[in-house]
S.K.: 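Got a structure for you, questions after.
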Amino acid sequence: MESSTANHGLSKYVTLISSDGFEFVVLREAACISGAIKKMLDPKSSFKESTDGRCFFEEINGIVLEKVAEYFYYNYKNRNREDVPDMDIPPELCLELLMAADFLDT
């Protein structure tokens with residue numbers, strides 16, 4: 001397991017903000033399973049998010065972003081396990097979650 005010093009002084013947590021203003025504070029390492037978030041937070045990038053640790057998603061509402069954050073932790077918690085049970089996903093969110101996953105490169 002990597003130590004938190006691998007983040008070179010960056011906060012251990014990041015804030016994901018939905019289009020309707022909901023904020024989710026998430027472990028940086030868990031959120032970075034998303035290719036898009038990882039690029040946004042890369043200290044070598046010129047993205048504002050890389051310095052303030054706040055990622056605003058104007059195309060993802062709070063209900064969907066909450067489920068995305070839940071998935072990040074589910075994936076992080078189970079990353080080294082085999083035979084992981086499926087995560088519970090409400091059928092009415094499936095399409096929006098697929099679109100969010102595609103956008104976030106998750």
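In this text, all values refer to a predicted model and were calculated from it rather than measured experimentally. Residue numbers run from 1 in the order of the sequence given.
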S.K.: As an exercise, state the distance from CZ of Arg28 to OG1 of Thr15, rounded to the nearest 0.5 Å.
M.R.: 10.0 Å
S.K.: Mind listing the closest non-hydrogen atom pair of Phe72 and Ser34 along with its distance?
M.R.: CZ-CB, 3.8 Å
S.K.: Is there side-chain contact between Phe57 and Ile17, with at least one heavy-atom pair below 4.5 Å?
M.R.: no
S.K.: Hey, does Ile37 have a side-chain heavy atom less than 4.5 Å from the side chain of Val26?
M.R.: no
S.K.: In a check of side chain to side chain contact (heavy atoms under 4.5 Å, CB included) between Arg54 and each of Glu49, Glu23, Lys48, which one passes?
M.R.: Glu23
S.K.: Does CD belonging to Glu92 count more than 12 external heavy atoms closer than 6.0 Å?
M.R.: yes
S.K.: Find out if a path of hydrophobic residues (ILVMFWY) with successive side-chain heavy-atom gaps under 4.5 Å connects Met87 to Met99.
M.R.: no
S.K.: What is the distance from atom OH of Tyr76 to atom CG of Asn78, rounded to the nearest 0.5 Å?
M.R.: 12.0 Å
S.K.: Considering all heavy atoms of both residues, which atom of Phe56 and which atom of Ser18 are nearest to each other, and what is their separation?
M.R.: CE1-O, 3.3 Å
S.K.: With a 4.5 Å limit on heavy-atom distance, are the side chains of Glu66 and Phe22 in contact?
M.R.: no
S.K.: State whether the number of non-hydrogen atoms from other residues, nucleotides or ligands found under 6.0 Å of Ile33 atom CD1 is greater than 12.
M.R.: yes
S.K.: Could you check whether atom CZ of Phe24 has more than 12 heavy atoms from other residues, nucleotides or ligands sitting under 6.0 Å from it?
M.R.: yes
S.K.: Let me confirm one number: the CD-NZ distance from Glu29 to Lys38, rounded to the nearest 0.5 Å.
M.R.: 10.0 Å
S.K.: Applying the side chain to side chain contact (heavy atoms under 4.5 Å, CB included) test to Leu97, which of Thr106, Val64, Asp102 qualifies?
M.R.: Val64
S.K.: Atom CG in Leu104, atom CG in Leu65: separation rounded to 0.5 Å?
M.R.: 7.5 Å
S.K.: Test of understanding: clusters of I, L, V, M, F, W, Y form through side-chain heavy atoms closer than 4.5 Å, transitively. Do Ile60 and Leu98 belong to the same one?
M.R.: no
S.K.: Write down the atom of Met40, the atom of Phe47, and the distance for their closest heavy-atom approach.
M.R.: O-CB, 3.5 Å
S.K.: Check whether any side-chain heavy atom of Asn61 sits under 4.5 Å from a side-chain heavy atom of Ser19, and report yes or no.
M.R.: yes
S.K.: Are side-chain heavy atoms of Ser50 and Asp42 found at a separation under 4.5 Å?
M.R.: no
S.K.: Heavy atoms only: give me the nearest Val25-Tyr13 pair and the separation to one decimal.
M.R.: CG1-CB, 3.7 Å
